[in-house]
2 protein chains.
Amino acid sequence: METKPTRRGSKQKMAVLDATKRLSNHPTAEDIFFKAKEEIVSISFSTVYRNLGILVKEKELIPISGPGSEIHYDHVINNHCHIQCRVCGKVRDMNVPAVDFSGILPSDASGFTVDGVCVTFTGTCRDCQVETDTKGEQK
Amino acid sequence: METKPTRRGSKQKMAVLDATKRLSNHPTAEDIFFKAKEEIVSISFSTVYRNLGILVKEKELIPISGPGSEIHYDHVINNHCHIQCRVCGKVRDMNVPAVDFSGILPSDASGFTVDGVCVTFTGTCRDCQVETDTKGEQK
DNA sequence: ATTCATAATAGGAACTATTCCTAATATAAA
DNA sequence: TTTATATTAGGAATAGTTCCTATTATGAAT
């Protein structure tokens, strides 16, 4: 059968994807919610979460999780690394080659099948370095 | 034990560290709480969390965060990779060389200072593969 | 040993991110 | 138009973690 005319792209789902792309720098679900609200005022948080989950399964987005509890989303789906600021939680891309997990042997993974890898560096972003300096802190 | 208790290592803090070591395989705060309870019945969740935070700062433990929301803790503090099962959340060590971030240039990190890296592979552990097969699923 | 200042505690409330539930609505196919 | 089903908004529920507070334990100084 050819293209099944199902509801593959509801307005809300498209709004979620668009919002993520327009924000462009690893937004959280909350960021995406407010951005999508600009298009569809009535959109709800659960709709955002549900569609984010769907878009991740469809490989339109990748989730990034680091030391913070929030999940960030990236519409750039090629294999690359991220760095997250320990202070403010901000996430940025890194210009270092991503880990290639295609060569990982089953034995290396102690019985696991491997389907992905998430490389997240941690550190302090420029803004937060400045703030720390200003306060003369060091903890 | 009869060693003089100092402020630096309260009974509870030591119980938290011991529990993590005895569990040995990347326990969550909850796992550690119940294990530590075997030593100190009255220990509370907040004491576990507070001491886990302290132990991480003191570099006695490292926190592991992956696709799931829970933080796992590792008492093996040398640089190594982990793999987490998408289905059950289990974490295991990986026999692949860890990413060496000592050569990361500031320019690569777009103004960030880099202080660590977390490499977490994702996949499905043997147990969960079996369960999936049993159910005849494939998603 | 008693007093004192303070570090650490237990317990629980509060918080945050996320998931779940349900009745209502929108959509495509018949 | 009718029907079956996907999707929705809204809010309740959950899970993991942090925060708050009165109380207790500790080491130092008397």
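Chain identifiers are assigned alphabetically (A, B, ...) following the order of the sequence lines, protein sequences preceding nucleic acid strands; residue numbering begins at 1 within each chain.
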Listed by chain and number, what are the salt bridge (charged side-chain N to carboxylate O under 4.0 Å, His left out) partners of [X], not counting sequence neighbours?
| X | value |
| --- | --- |
| D93(B) | none |
| E30(A) | none |
| D18(A) | none |
| R92(A) | none |

At a cut-off of 3.5 Å, list every protein nitrogen or oxygen paired with a nitrogen or oxygen from nucleotides 13-18 of chain D, distance to 0.1 Å.
unit_1  : atom_1 : unit_2 : atom_2 : d
dG16(D) : OP1    : E70(B) : OE2    : 3.0
dT17(D) : OP1    : I71(B) : N      : 2.9
dT17(D) : OP2    : Y49(B) : OH     : 2.5
dT17(D) : O5'    : Y49(B) : OH     : 3.4

Spacing of [X] atom [atom1] relative to [N] atom [atom2], expressed in whole Å:
| X | N | atom1 | atom2 | result |
| --- | --- | --- | --- | --- |
| I43(B) | dT9(C) | CD1 | P | 7 Å |
| I40(B) | dG11(C) | CD1 | P | 12 Å |
| I54(B) | dT9(C) | CD1 | P | 7 Å |
| R50(B) | dT24(D) | CZ | C1' | 13 Å |
| K11(B) | dT26(D) | NZ | P | 6 Å |
| N51(A) | dA26(C) | CG | P | 16 Å |
| E39(A) | dT8(D) | CD | P | 13 Å |
| F33(B) | dG11(C) | CZ | C1' | 10 Å |

Check whether any side-chain N or O of Q12(B) sits under 4.0 Å from OP1 or OP2 of dA25(D), and answer yes or no.
->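 The answer is no; no side-chain N or O of Q12(B) sits under 4.0 Å from OP1 or OP2.
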
So does S42(A) get a side-chain nitrogen or oxygen closer than 4.0 Å to the phosphate oxygens (OP1/OP2) of dA9(D)?
->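 Indeed, a polar side-chain atom of S42(A) lies that close.
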
Taking only residues two or more places apart in sequence, or in another chain, which ones meet N25(B) in a side-chain hydrogen bond (donor to acceptor under 3.5 Å, both in side chains)?
->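 Residues passing side-chain hydrogen bond (donor to acceptor under 3.5 Å, both in side chains) with N25(B): none at all.
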
Assign the ring pair F34(A) / F45(A) to parallel, tilted or perpendicular, where the plane angle (0 to 90°) is split at 30° and 60°.
->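 Taking F45(A) first and then F34(A), their aromatic rings stand perpendicular (interplane angle over 60°).
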
From the list dA9(D), dA10(C), dT8(D), which nucleotide is the closest neighbour of the side chain of S10(A)?
->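 Between dA9(D), dA10(C), dT8(D), the one nearest the side chain of S10(A) would be dT8(D).
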
With respect to the side chain of T47(B), which nucleotide from dT8(D), dA9(D), dA10(C) is positioned closest?
->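 So the side chain of T47(B) is nearest to dA10(C).
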
Are V91(B) and I83(B) side-chain neighbours, meaning at least one heavy-atom pair lies under 4.5 Å?
->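 No, every pair of side-chain atoms sits at 4.5 Å or beyond.
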
